[in-house]
Amino acid sequence: MGGRQDDVTATSGLQIPLIRSLDPPIKPSRNRFSSLCAIMASMSSVLLGYDIGVMSGAAIYIQQDFEISDVQVEILVGIINLYATIGAAAAGRTSDWIGRRYTMVLSAGFFFVGAILMGFAPNYPLLMSGRFVAGIGIGYASLIASVYTAEVSPASSRGSLSSFPEFFLNVGILLGYVSNYAFSKFPLQLGWRFMLGIGLFPSLFLAAIVIFVMPESPRWLVMQGRLGEAKQVLNTTSDSIGESLQRLADIKKVVGIPVSCDDDVVQVPKQSTHGGGVWKELFLHPTPAVRHVLITAVGVHFFLEATGMNAVVLYSPRIFEKAGISSSDHKLLATVAVGLTKTVFILVATVLFDRVGRRPLILTSVGGMIISLVTLGVGLTIIERSHEEGTWLVGLCVGMVLADVAFFSMGMGPMGFVSSEIFPLRLRAQGVSVGMVVNNAVGSVVSMTFLSLYHAISIGGAFLLYAGVATVGWVFFYVVFPETRGRNLEEVEGLFGNLMWKFSTKKDDNTDVENS
């Protein structure tokens with residue numbers, strides 16, 4: 001029978017054995033619709049990825065066509081991160097105002113207009129205006145993809161699903177690299193225009209699927225008092241009806257709606273979820289938990305960019321040239337290998353985030369980056385100083401570039417999107433926007449200074465500098481980053497406020513079993 005008769009109860013003087021099943025509890029199946037929603041939302045990251053990837057090659061031909069200097073190339077390539085800072089700063093309040101879905105549509109609209117302006121730009125100033133419009137859209141997209149995915153995902157798969165934006169960002173980078181190679185044979189004045197202009201098609205596709213397929217975030221619906229709609233979305237995105245009801249009750253509690261309230265539409269108690277109240281709680285009067293959350297999120301986004309990944313992705317053809325690859329075709333093919341490696345290794349994070357946890361992955365990721373960056377820096381220094389371009393040195397440098405992007409993609413990269421889960425609901429949209437502002441600001445500095453940096457301290461010295469920053473980052477994550485695997489969004493805030501967290505939920509789970 002699969003049971004045992006060790007419990008007894010008395011009924012009418014008789015002792016009746018209770019049978020306790022030894023069969024393991026049935027584990028609810030993963031929800032496929034929530035995965036579909038996460039995939040669709042994450043497609044907005046393709047816009048950012050495509051721009052990063054395509055500009056690495058397009059900049060070579062733009063420099064030849066417009067006869068611009070290296071400094072102008074740096075500005076052209078890196079300025080979009082600075083423009084994206086404006087979009088990210090505005091996206092938090094916008095998404096709280098018009099909803100997560102329509103913020104995605106707005107981001108796609110900006111990128112659509114930007115792609116047209118860049119593709120038809122007759123000169124450098126008008127090309128920069130197109131970069132400005134596209135950058136605003138990218139800022140919106142980078143924030144809303146992570147916020148929406150975190151809010152729609154069940155706890156059992158939130159880590160994996162929240163890594164989808166990074167996966168699709170890498171898909172966009174790979175598509176940009178492929179576009180570079182495909183259009184490199186076109187006439188000079190035409191090839192780079194196709195590379196940039198073709199980016200309008202992903203934005204049209206994104207807007208269409210958001211409007212016709214995707215539901216609104218259930219947490220945003222509750223914040224608007226639309227409980228009936230939120231309940232429907234939660235029923236379709238949770239692993240079970242019981243989890244759906246628990247998620248709804250947790251969100252109600254956070255928003256200030258009585259848990260017992262079962263109306264479809266209710267008046268939401270006035271809270272400072274818009275405007276200055278959120279900023280005061282984040283910066284002027286934060287609780288210890290909020291302060292810890294903010295430091296962690298800002299640190300994640302700072303080290304994500306300050307370790308030089310934008311330099312690797314945007315300037316990989318120049319890096320390979322310094323490593324000894326002279327053929328343009330070979331440089332572009334090696335760059336495609338970078339995009340392919342980034343895309344493949346993000347799948348490692350997608351599989352492992354909810355199995356081994358966030359903390360082990362990010363520490364392993366940063367540790368691997370340190371080793372790769374040091375080796376790459378040493379290899380490039382040897383080539384530069386000895387003028388030796390042996391096959392083994394070229395292979396070593398190319399291998400270390402690929403190792404760097406591989407380690408980045410398996411932990412550090414997707415953590416920028418997964419970190420949206422650590423903000424409480426009332427602060428999430430605008431809190432994530434703070435992280436994205438830091439991300440884009442630091443990314444723009446790295447992108448716009450790399451060429452000048454390697455001219456000043458050598459290209460090998462530049463990567464050794466990035467390795468030093470990554471070392472500081474590893475210590476930071478070891479000290480301040482708690483494990484959030486398996487927690488509902490409404491529970492995550494409780495892990496912050498001190499440095500004495502439990503690194504794993506396993507002990508908690510065992511305790512719960514013993515007490516039940």
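Computation of the quantities below employed the complete heavy-atom set of this structure, encompassing side-chain atoms and omitting hydrogens, waters and symmetry-equivalent molecules.
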Could you verify whether a donor N or O on one side chain and an acceptor N or O on the other, from S179 and Y50, lie under 3.5 Å apart?
-> yes

Decide yes or no on side chain to side chain contact (heavy atoms under 4.5 Å, CB included) for D250 and V254, but give the supporting numbers first.
-> CA-CA 6 Å; D250 291 340; V254 170; 5.7 Å; no

Considering all heavy atoms of both residues, which atom of A41 and which atom of M104 are nearest to each other, and what is their separation?
-> CB-CE, 3.7 Å

Tested for ring-ring contact (aromatic ring centres under 6.0 Å, His included) against Y83, the lone hit among Y140, F132, F110 is F132

Minimum side-chain heavy-atom gap R247-S238 below 4.5 Å = yes

Quick one: sort the F164 and F167 rings into parallel, tilted or perpendicular, breaks at 30° and 60°.
-> tilted

Side chain to side chain, L227 and C261, heavy atoms closer than 4.5 Å = yes

Criterion side chain to side chain contact (heavy atoms under 4.5 Å, CB included) on S56 and Y177, from CA distance to verdict | CA-CA 8 Å; S56 69; Y177 288 158; 3.1 Å; yes

Could you tell me whether R100 and E216 have a side-chain N and a carboxylate O separated by less than 4.0 Å?
-> no

Take atom OH in Y466; do more than 12 heavy atoms of anything else shown fall under 6.0 Å from it?
-> yes

V401 side chain near V338 side chain, heavy-atom distance below 4.5 Å | yes

How far apart are the closest heavy atoms of D262 and K231, and which atoms are they?
-> OD1-NZ, 2.8 Å

Answer yes or no: is there a side-chain heavy-atom contact under 4.5 Å between R226 and D264?
-> no

Looking only at non-hydrogen atoms, find the nearest pair between A141 and S107 and report the distance.
-> N-CB, 3.7 Å

CZ of F476: more than 12 outside heavy atoms within 6.0 angstrom?
-> yes

Donor-acceptor pairs under 3.5 angstrom involving side-chain atoms of residues 365-372: please list them, not counting sequence neighbours.
residue, atom, partner, partner atom, Å
S365, OG, F407, O, 2.5
S365, OG, M412, N, 3.0
S372, OG, G368, O, 2.9

Minimal non-hydrogen separation, V442 against A306, with atom names | CG1-N, 3.7 Å

So, do I39 and F168 sit near enough that their side-chain heavy atoms are less than 4.5 Å apart?
-> yes

Answer yes or no for R358 and F477: cation-pi contact, defined as NZ/CZ to six-membered ring centre under 6.0 Å and angle to ring axis within 45°.
-> no

Quick one: side-chain hydrogen bond (donor to acceptor under 3.5 Å, both in side chains) pairs with a partner in residues 402-417, sequence neighbours left out?
-> none

Do N180 and M195 come close enough that some side-chain heavy atom pair is under 4.5 Å?
-> yes

Where S447 and N310 come nearest, the two heavy atoms and their spacing = OG-ND2, 3.3 Å

Indicate yes or no: at least one non-hydrogen side-chain atom of T149 is less than 4.5 angstrom from one of S42.
-> yes

Working for side chain to side chain contact (heavy atoms under 4.5 Å, CB included), residues E229 and V233 | CA-CA 6 Å; E229 294 175 64; V233 177; 5.6 Å; no

Test salt bridge (Lys or Arg N to Asp or Glu O under 4.0 Å) applied to R131 - qualifying residues, sequence neighbours left out | D51

Dump the intermediate steps for side chain to side chain contact (heavy atoms under 4.5 Å, CB included) on M415 and F481, then the final yes or no.
-> CA-CA 11 Å; M415 200 62 233; F481 198 90; 3.3 Å; yes

Do the non-hydrogen side-chain atoms of I173 and N170 ever get within less than 4.5 Å of each other?
-> yes

Tightest non-hydrogen contact, residues S95 and I144, listed as CB-CD1, 3.6 Å

